[in-house]
Amino acid sequence: MRRFGLVAGLVVVALLALLVSRVRFLPAGQAPRVQAVAPKPAAAPPASSGLVIPVQGIPAAALHSNWGEPRGDGTREHHAIDILAPKGTPVLAATSGTVEKQFESELGGHTLYVRTPDGAMVTYYAHLDTIGVPEGAAVHRGQPIATVGDSGSADGGAPHLHFEVKRMAPGEGWWQGANVDPYPLLAGKPAGS
């Protein structure tokens, strides 16, 4: 028992010595520098649709529907959701799939099209600043694939992600498909709420 007490005492002394060796003593009157480290926001949990919000750190409560709003001086409707975020914010794959196309568009700027493994859906990401995945790459839901920007018709405006969801019929190309309102899929709320 006495040996145990001696060993325990030596362990305590060793731990205290280690702790003291890690402490830096500053000159009198000098305050310690504190470096803040922001925690990395996790991808939002998948909505009931299985999609994650495709901009890192944006909660469902921050989303709003702008489906059907006029664009191009009323010549077309907006069939997407715009998610505002600072330029350079990571854009996440909303679902797993394959990068079917990187495209440079006059309106969309730097864009990506990701097709789900079953081929039934394409997710479209536009106004990107940077793209971090090549065509043909397999991506996983929640994986960073690009960054928010203001390329294309958003140049000089507020940085945001223009995000579309398209239901695909067999054999349709990445540029085809039927647009689906992404707001209810991401926010878990009916359109217009």
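Keep in mind the model is a prediction, meaning the values are calculated, not measured.
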Say whether, by atom type as modelled, one donor and one acceptor occur between the side chain of [X] and the main chain of [Y] under 3.5 angstrom.
{"X": "H127", "Y": "S151", "result": "yes"}
{"X": "T147", "Y": "G88", "result": "no"}
{"X": "R141", "Y": "V52", "result": "no"}

Would you say [X] and [Y] make side-chain contact, with heavy atoms under 4.5 Å?
{"X": "I131", "Y": "V99", "answer": "no"}
{"X": "P54", "Y": "T123", "answer": "no"}
{"X": "H110", "Y": "E104", "answer": "yes"}
{"X": "R115", "Y": "T98", "answer": "no"}
{"X": "R76", "Y": "L107", "answer": "yes"}

Would a single hydrophobic cluster contain both V91 and I81, if residues Ile, Leu, Val, Met, Phe, Trp and Tyr are joined by side-chain heavy-atom contacts under 4.5 Å?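 As far as the 4.5 Å side-chain criterion goes, V91 and I81 are connected within one cluster.
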
Once you round to the nearest 0.5 Å, how far does [atom1] of [X] lie from [atom2] of [Y]?
{"X": "E164", "Y": "W67", "atom1": "CD", "atom2": "CH2", "answer": "7.5 Å"}
{"X": "Q56", "Y": "L92", "atom1": "CD", "atom2": "CG", "answer": "5.5 Å"}
{"X": "L128", "Y": "L161", "atom1": "CG", "atom2": "CG", "answer": "6.5 Å"}
{"X": "N66", "Y": "H162", "atom1": "CG", "atom2": "NE2", "answer": "9.0 Å"}
{"X": "E100", "Y": "T116", "atom1": "CD", "atom2": "OG1", "answer": "10.0 Å"}

How close do [X] and [Y] get, counting heavy atoms only, and between which atoms?
{"X": "V133", "Y": "Q102", "result": "O-NE2, 2.6 Å"}
{"X": "A85", "Y": "V148", "result": "O-CG1, 3.6 Å"}
{"X": "Y125", "Y": "T95", "result": "OH-N, 4.4 Å"}
{"X": "V55", "Y": "I83", "result": "CG2-CG2, 3.7 Å"}
{"X": "Q176", "Y": "K166", "result": "O-CD, 3.2 Å"}
{"X": "R167", "Y": "V180", "result": "CG-CG2, 3.2 Å"}

Quick check on the 6.0 Å ring-centre criterion: do F103 and W175 meet it?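 Centroid distance F103-W175: not below 6.0 Å, so no.
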
CD/E106: more than 12 non-hydrogen atoms of other groups inside 6.0 Å: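 No, because the 6.0 Å sphere around CD of E106 holds 12 heavy atoms or fewer from other groups.
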
L185 and M121: CA distance, side-chain angles, deciding distance, side-chain contact (heavy atoms from CB on, under 4.5 Å) verdict: CA-CA 13 Å; L185 300 174; M121 182 191 318; 5.9 Å; no

V165 and L51: CA distance, side-chain angles, deciding distance, side-chain contact (heavy atoms from CB on, under 4.5 Å) verdict: CA-CA 10 Å; V165 174; L51 299 177; 4.3 Å; yes

Only one of D82, L186, L63 clears side chain to side chain contact (heavy atoms under 4.5 Å, CB included) with F163; which?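 Answer to the side chain to side chain contact (heavy atoms under 4.5 Å, CB included) test with F163 among D82, L186, L63: L186.
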
